[in-house]
Amino acid sequence: MTAVAYPNIALIKYWGKRDEHQAIPWADSLSITLDVFPTTTTVCLDSAAEADRVTFGGTPARGAASRRVAAFLDLVRKHAGRSESAVVSTRNAGPTGAGLASSASGFAALARAAVAAYGLELDAADLSRLARRGSGSAARSIFGGFALWHAGEDDHSSYAERVDVEFDPAVVIALVDGAPKRISSRAAMRRTVETSPLYRSWIESSRADLAEMTEALARNDLAVVGEIAERNALGMHATMLAARPAVRYLTAPTLGVLDSVAVLRSENVPAYATMDAGPNVKVLCRPGDADQVALRMRETVPCCSTVIARRGPGVTLRIEEER
C-alpha cells in the first residue's frame, strides 16, 4: 500500500507537549496543508521477516529513525491484532528535518499506508489520532486545506479535524538552509517547556490568537490572518530563545527574509511571515503577489531560493499492484 501526504504549516503553533509518550500538546493549533514537498510511503507486509526494514530515499534507515518507525508500526499492529513485520520505503520531495514539516507529511503517509496494509478501517479522526503518535503535527496533515488540532487531555480527545473555510492564500517558502537542524523539534520542545520562563505566557497568548484567527479565516481577512500568524511564530521563537540554554533556529538569512517581508508591507504589498522549528520562512500573501514576493526574497537574501505553494490535499492512498 502506498500513501501520499503533504506538509502542513501551523499558523497557530502548539510547541510543547504535556504528554510526550502520546504526543498530547499543551494547546490547540491550526494549520494549512500545502501542495508542495509531498512524502510518498509504501508499506509491504513480510511475514517471513524477523524485523521491520525501513529505507529513506533509498537508503536504509538506522538508529533512532528506524526505531521510531518500528515503534509506530507496533501501534498499528496492536490495533489490527496482527504481527507481521513490514518493509517501509519512504521518500520526501523536499528537505528533511529543516523545519518544513517533513515529519508531519511523513507520519501521515506512514499512518495511511500502514493502516491499509494491516487491514484496519479508521475514520479521519481516528487516523488523525494514530498519525499524532508518530509526529504530533502529522495529525493535521491527514486533512487538506485548513485543519484544527484539538489538544485534548488524552488519546481520544487529541485529534485534528478539517476547518471548512474559503480562504486560499499563496505561501511563498523562502528556503535559506535545507540541511537537517542541529536540535530536533522534540528535544527543543522539551527544553523550552522545562526551562523557558516565557513558556506559560506564550501558551496563553496562543490560545487567544487561535480565537482571533478562527474569526479572521471565516472573513477571508488576509491582513488579520497574517498579523496573527506572524506574531504567534515570533512569540514561539522568543520563547525558545529564553530557554536555558537557548534554542536558536533563526539565522542571519532568516532575519534578512523577515526584514524583506516588513519592507514589502511598507510598500503596500500584504505579506506576512511564519516559521516553524527551523531557519526557513513561509510568507503568506495574495496569489497575485506571490511572484513579486518570491523575487524580493531572492534579491535581498543571496542564499535564498523560493517555492510558491497553495492549499494542498489531504492524505491519499493508492493500491500497489503485486510484482
Side-chain angles (χ1 to χ4, degrees), residues 3-17 23 25 27-41 90 92-113 124-125 127-151 158-175 181 185-186 189 206 209-210 213-214 217 225-226 228-230 232-233 236 272-278 280-284 307-316:
V4 179
Y6 288 79
N8 70 79
I9 301 303
L11 304 183
I12 302 296
K13 316 294 186 183
Y14 83 88
W15 200 249
K17 302 183 181 79
D28 299 347
S29 57
L30 187 145
S31 66
I32 178 173
T33 297
L34 305 181
D35 63 353
V36 298
F37 300 151
T39 298
T40 303
T41 299
T90 189
N92 290 327
T96 300
L100 293 169
S102 59
S103 64
S105 57
F107 275 96
L110 177 60
R112 186 67 188 91
L127 186 61
S128 175
R129 292 181 180 98
L130 178 63
R132 187 199 78 235
R133 297 292 298 273
S135 174
S137 55
R140 300 186 305 248
S141 275
I142 298 301
F143 304 93
F146 290 88
L148 172 64
W149 176 12
H150 301 283
S158 187
Y159 66 96
E161 64 180 349
R162 181 183 172 88
V163 177
D164 192 13
V165 295
E166 296 179 1
F167 187 62
D168 189 15
V171 180
V172 177
I173 302 172
L175 290 162
K181 53 202 176 192
S185 293
R186 287 188 172 191
M189 283 184 195
S206 190
D209 285 344
L210 177 60
M213 176 68 79
T214 302
L217 285 173
V225 168
I228 297 170
E230 187 167 299
N232 188 266
M236 183 185 77
Y272 304 88
T274 184
M275 298 156 291
D276 291 308
N280 300 299
V281 183
K282 300 87 181 178
V283 184
L284 277 73
V307 175
I308 298 174
R310 298 293 297 275
R311 286 173 54 149
V315 65
T316 57

Open item on the list: Determine whether Leu30 and Leu217 satisfy the following criterion, side-chain contact (heavy atoms from CB on, under 4.5 Å), listing intermediate values before the conclusion.
Closed with: CA-CA 11 Å; Leu30 187 145; Leu217 285 173; 3.7 Å; yes

Task: Test side chain to side chain contact (heavy atoms under 4.5 Å, CB included) applied to Leu11 and Asn232, Val225, Ile228, the passing residue - done: Val225

Open item on the list: Minimum heavy-atom separation for Thr274 and Ala233, please, with both atom names.
Closed with: OG1-CB, 3.6 Å

Task: Minimal non-hydrogen separation, Ser128 against Ala160, with atom names - done: OG-N, 2.9 Å

Task: With sequence neighbours excluded, residues passing side-chain hydrogen bond (donor to acceptor under 3.5 Å, both in side chains) with Thr40 - done: none

TODO: Report the C-alpha distance between Val171 and Val283 in whole Å, list the side-chain angles of each, state the deciding distance to 0.1 Å, and finish with yes or no for side-chain contact (heavy atoms from CB on, under 4.5 Å).
DONE: CA-CA 5 Å; Val171 180; Val283 184; over 6 Å; no

Open item on the list: To the closest 0.5 Å, what do you measure between CG (Leu210) and CG (Leu148)?
Closed with: 6.0 Å

Open item on the list: List the residues meeting ring pair (Phe, Tyr, Trp, His ring centres under 6.0 Å) with Tyr6, not counting sequence neighbours, and say none if there are none.
Closed with: none

Task: Of all pairs that satisfy salt bridge (Lys or Arg N to Asp or Glu O under 4.0 Å), the ones with a partner from residues 4-13, not counting sequence neighbours - done: Lys13-Asp276

Open item on the list: Suppose we screen for side-chain hydrogen bond (donor to acceptor under 3.5 Å, both in side chains). Which residues come up paired with Ser137, at least two apart in sequence or across chains?
Closed with: none

Side-chain donor-acceptor pairs of residues 101-112 under 3.5 Å, sequence neighbours excluded:
residue : atom : partner : partner atom : Å
Ser102  : OG   : Gly97   : N            : 3.1
Ser103  : OG   : Ser135  : OG           : 3.1
Ser105  : OG   : Thr39   : OG1          : 2.7
Ser105  : OG   : Ser102  : O            : 3.1

TODO: Would you indicate whether the side-chain heavy atoms of Met213 and Phe146 approach each other to under 4.5 Å?
DONE: no

Task: salt bridge (Lys or Arg N to Asp or Glu O under 4.0 Å) involving Arg310 - partner list, sequence neighbours excluded - done: Asp168

Task: Residues that Ser158 engages under side-chain contact (heavy atoms from CB on, under 4.5 Å), provided they are two or more places apart - done: Ile24, Pro25, Arg132, Trp149

TODO: Assess the side chains of Arg311 and Thr33: does a donor N or O sit below 3.5 Å from an acceptor N or O?
DONE: no

Open item on the list: The criterion is side-chain hydrogen bond (donor to acceptor under 3.5 Å, both in side chains); which residues satisfy it with Asn280, sequence neighbours excluded?
Closed with: none

Task: Residues that Asp28 engages under salt bridge (Lys or Arg N to Asp or Glu O under 4.0 Å), provided they are two or more places apart - done: none

TODO: Sequence neighbours left out, what passes ring pair (Phe, Tyr, Trp, His ring centres under 6.0 Å) with Phe143? Give chain and number order.
DONE: none

Open item on the list: Can you list everything that forms a ring pair (Phe, Tyr, Trp, His ring centres under 6.0 Å) with Trp15? Sequence neighbours excluded, please.
Closed with: none

- [ ] Report yes if some heavy atom in the side chain of Val315 is under 4.5 Å from a heavy atom in the side chain of Leu127; otherwise report no.
- [x] yes

TODO: Using a 4.5 Å cut-off on heavy atoms from C-beta on, say whether the side chain of Ile12 contacts that of Thr214.
DONE: no

Task: Smallest separation among heavy atoms of Ala309 and Asp35, with atom names - done: CA-OD1, 3.5 Å

Open item on the list: Are the side chains of Asn8 and Ser141 in contact, using a 4.5 Å heavy-atom criterion?
Closed with: yes

Open item on the list: With heavy-atom distances below 4.5 Å as the criterion, would you say the side chains of Leu100 and Pro95 are in contact?
Closed with: yes

Task: CD-CE distance between Glu230 and Met275, expressed to the nearest 0.5 angstrom - done: 7.5 Å

